[in-house]
Amino acid sequence: MAGLRLGPLLRYADGSSATVWVEASRPCAAEVRCADGATGTARTFQVAGHHYALVQVDGLTAGTATAYEVFLDGARVWPPSDSPFPPSVIRTPAAGADDGDGEVRVTFGSCRWAAPPVDDRDPVGADALDSLAARLAADPTAERPDVLLLLGDQVYADEVSDKTRERIAARRGLADPPGAEVADFEEYTWLYYESWLDPEVRWLLSTVPSCMVFDDHDVIDDWNTSAAWLADMRATPWWRERILSGLMSYWVHQHLGNLSPAELAADPLYAAVRDTPDGTDVLRAFACRADADPASVRWSYRRDFGRVRLLMVDTRAARVLDEGGRSMLDAGEEAWLRAQALDRPGSYDHLLIGTSLPWLLPQLVHDAEAWDAALCRGERGPRWARFGEKLRRAADLEHWAAFPTSFAALTALIAEAGSGAATGAQAPASVLVLSGDVHHAYVAEPRWPEGTGPDARVLQLTCSPVHNAIPLSIRAGFRFGWSAAARALGRRFARHGRCPRPPVDWRKTGGPWFGNQLMSLTLHGRSARLRLEQARADGVLATVQESDLTP
C-alpha cells in the first residue's frame with residue numbers, strides 16, 4: 001500500500017482549479033477529493049527512486065473554501081487520523097476579483113534554515129512559519145494569506161543540520177568533498193523532508209498556496225557570483241553532481257508547483273517525465289542543458305491575482321558572468337521581464353517584482369558592490385582586479401548593485417511600468433520590489449531626478465530571515481550602512497572605481513528590523529497596506545510595523 005512521504009502542498013489556486021503536490025512511497029494514483037465535490041487525479045512519476053505527483057483539481061467554485069483529502073490508490077492518507085490541525089482547505093478568489101473588487105493578501109520572506117531544535121532550544125529563535133501556522137490553526141477564521149511567497153533559501157545544501165550530517169556520514173563518510181554538504185539528489189530529498197515534514201509547516205503549506213524561487217543556498221553560497229568562481233567550482237570533482245542534483249530537485253519540489261495548469265499542459269519536459277516509467281534520465285538531461293546553457297530554461301514566472309501582478313524573477317541561474325558584459329539576467333530573461341511588466345498597461349493596480357536579492361541596498365553596500373564590480377572588470381588594472389574578485393567572494397558582493405547595467409535596466413523598467421503617460425492608461429498605484437537574502441528587514445524608497453519618476457509609489461520591501469540568525473557585527477554594519485557617514489564613504493569607493501552615480505537616489509523609510517520575521521501586504525483596489533511581524537520566543541507572531549503604502 002502506498003504511503004504519503006511528503007506533502008500535500010497546495011501550490012496553485014485560481015477561481016476554478018488548483019494544484020496539489022505530493023510524494024508517495026511507491027508508484028500509485030494520487031487523488032484529491034474536495035468536500036464540495038471537486039476532484040483531481042494524477043499518476044505518480046518517478047525520479048531517482050522517488051515518486052511524485054502534481055494533482056490538478058478542477059470544478060472548484062469561485063469565492064469558496066472547501067476542505068480536501070488526499071488518497072493514494074483509493075486509501076486516505078491526508079489528513080492523518082490523529083491530526084491536531086483543522087482540515088486543509090482550498091480557497092478560491094471570488095468572481096469579479098479581476099475588476100479590483102477583491103482583496104489580495106500576500107505574505108513573504110526568505111532564508112529558512114529548517115534544522116529542528118535541540119532539547120527544545122532553538123539556537124536561532126522561533127520559526128516565523130511555525131508561528132504563522134500556529135496562529136491560523138488556532139483560529140481557522142482568522143485573516144490568512146492568499147499566497148505565501150518564499151523568496152529563496154528554502155533549503156540549505158551547504159549548511160546542514162547535525163541530524164543530516166549524521167546521515168551523510170553513515171551513507172558516504174565526510175572525508176571526501178563535499179564533506180558535510182549534500183552531494184546528490186537523494187541527499188537533497190533529506191533537506192526537503194527535514195523542512196516540509198515540520199508538522200506546523202506541513203499543515204501550513206497544505207492549506208495556503210505558495211510561490212517559490214531559489215537563491216544561492218538552495219545550491220551553494222555565492223552561487224554564480226562570477227565567471228572565475230564558476231570556473232573554480234567546475235574544476236572540483238563534486239560540483240557537477242551537486243549542480244545537476246540541485247536543479248533536478250528544485251524542478252521537482254519547487255518549480256513545478258509554480259506553474260499554472262495551462263503552463264503545465266504546454267510543458268514538454270513535464271510531459272516527458274510523466275510519460276516514461278523512470279524520468280530520471282530525462283530530467284538529468286534537462287539539468288545538463290540548463291547548466292551548460294542557462295538561457296535554455298526560464299525559471300522566472302508570472303502569476304496574476306485579480307488586479308495584482310506578480311513577477312517572480314530568477315536572479316541566480318540566469319546570470320551572464322563574463323566580466324565584460326556582466327548581467328543579472330540574460331537577454332531572453334530581461335526581455336521576458338520587460339514584456340510581462342508592460343503587458344496590457346492599465347490592467348493591474350499593483351505590480352509585485354519578487355527577486356531574492358534586493359534591488360535597493362544600504363548606500364554604502366550599493367557603492368561597495370559597484371566599486372568592486374569596476375575593479376573586477378579591470379578599471380584599476382589587473383592587481384586591483386584580483387583583489388576585487390577575492391573581496392567579492394569574501395563579502396558576498398553580488399546583488400543587483402554588482403551588476404550596474406542590470407541595476408540601471410531594472411530601474412528604468414520600474415519607472416516605465418509605473419507611469420501611465422506613455423500609453424494613456426492609468427498608472428498602477430504601486431510597484432513593489434519584494435526581496436530577502438540579507439537577514440534583516442527594511443523599507444526603502446527611490447527618488448528619481450525631477451520630472452523623470454513614475455506616477456506609482458515605488459518601494460523596496462525586504463524581509464529576511466524566516467528562521468535564521470545574523471551576527472551582531474553584521475547587524476551593526478547594516479545599521480551603519482544607511483548613515484550619512486556611510487554614504488560619504490561609499491561615494492569615495494565609487495569615485496575610486498570611476499563608477500557613475502546610480503540613476504536614482506533612495507532613502508530608508510523603515511527599519512532595519514532584525515529577527516525571524518514575515519512581511520504581509522494587503523492589496524485592495526488601489527490601496528496597499530504593509531505589516532511586518534516577528535516570531536517571539538513564545539511562538540507568537542507580534543506586529544512590529546504597520547503602515548499604508550499608497551495614499
Side-chain angles (χ1 to χ4, degrees), residues 109-111 124-125 151-153 215-217 221-222 225 315 355-376 380 384 387-404 407 411 433-447 458-466 468-517 519 530 532 534 544-545 547:
S110 76
C111 307
V124 298
L151 294 169
D153 296 346
D215 199 22
D216 54 346
H217 289 284
D221 188 26
D222 297 342
T225 287
T315 55
T355 161
S356 63
L357 302 175
W359 165 51
L360 301 179
L361 291 161
Q363 282 88 354
L364 172 59
V365 180
H366 177 98
D367 286 337
E369 294 203 3
W371 167 68
D372 183 81
L375 298 184
C376 290
R380 286 291 182 177
W384 278 104
F387 168 78
E389 178 64 26
K390 291 179 181 177
L391 180 62
R392 177 157 58 193
R393 300 191 199 186
D396 293 351
L397 304 181
E398 38 98 35
H399 298 80
W400 283 92
F403 297 81
F407 178 89
T411 302
V433 181
L434 315 182
S435 306
D437 179 68
V438 290
H439 288 211
H440 69 292
Y442 62 89
V443 179
E445 183 166 12
R447 292 176 292 189
V458 177
L459 293 169
Q460 167 72 65
L461 305 178
T462 302
C463 183
S464 170
V466 170
N468 214 309
I470 184 168
L472 290 175
S473 59
I474 303 298
R475 293 190 186 204
F478 275 118
R479 290 186 188 278
F480 173 70
W482 290 106
S483 68
R487 179 181 288 239
L489 178 60
R491 291 313 305 161
R492 295 191 67 176
F493 283 131
R495 284 194 294 271
H496 179 262
R498 303 188 180 107
C499 305
R501 283 191 174 273
V504 289
D505 193 10
W506 59 95
R507 61 189 178 95
K508 174 178 64 67
T509 58
W513 297 285
F514 298 95
N516 293 330
Q517 49 205 346
M519 270 187 182
L530 171 71
L532 175 71
Q534 292 184 344
V544 298
Q545 174 72 11
S547 60

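Bear in mind the structure is a predicted one, so any value in this text is a computation, not a measurement.
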With rounding to the nearest 0.5 Å, note down the distance linking CZ in Arg491 to NE2 in His496.
14.0 Å

With rounding to the nearest 0.5 Å, note down the distance linking CG in Leu360 to CZ in Phe407.
5.5 Å

Quick one: does Asn516's side chain get under 4.5 Å of Pro465's, heavy atoms only?
yes

NE2 (His439) and OG (Ser110) are apart, to the nearest 0.5 Å, by 6.5 Å

Spacing of CG belonging to Asp153 relative to CG belonging to Asn468, to within rounding of 0.5 Å
8.0 Å

Check: Asp372 main-chain N/O paired with Arg392 side-chain donor or acceptor under 3.5 Å:
no

Would you say that Tyr442 contacts Phe478 through its side chain, given a criterion of any heavy-atom pair below 4.5 Å between the two side chains?
no

Tell me the closest heavy-atom pair linking Leu357 and Ser435, and the distance in Å.
O-OG, 3.5 Å

Rounded distance (nearest 0.5 Å) linking atom CG of Leu391 with atom CD of Glu369:
9.5 Å

Quick one: CZ on Arg393 to CG on Asp222, what's the gap to the nearest 0.5 Å?
9.0 Å

Return yes if some donor-acceptor pair links the side-chain N/O of Gln517 with the main-chain N/O of Ser464 below 3.5 Å, else return no.
yes

Can you confirm whether Asp216 sits close enough to Asp437 that some side-chain heavy atom of one is under 4.5 Å from a side-chain heavy atom of the other?
yes

So which of Trp359, Trp506, Trp400 actually passes side-chain hydrogen bond (donor to acceptor under 3.5 Å, both in side chains) with Thr411?
Trp359

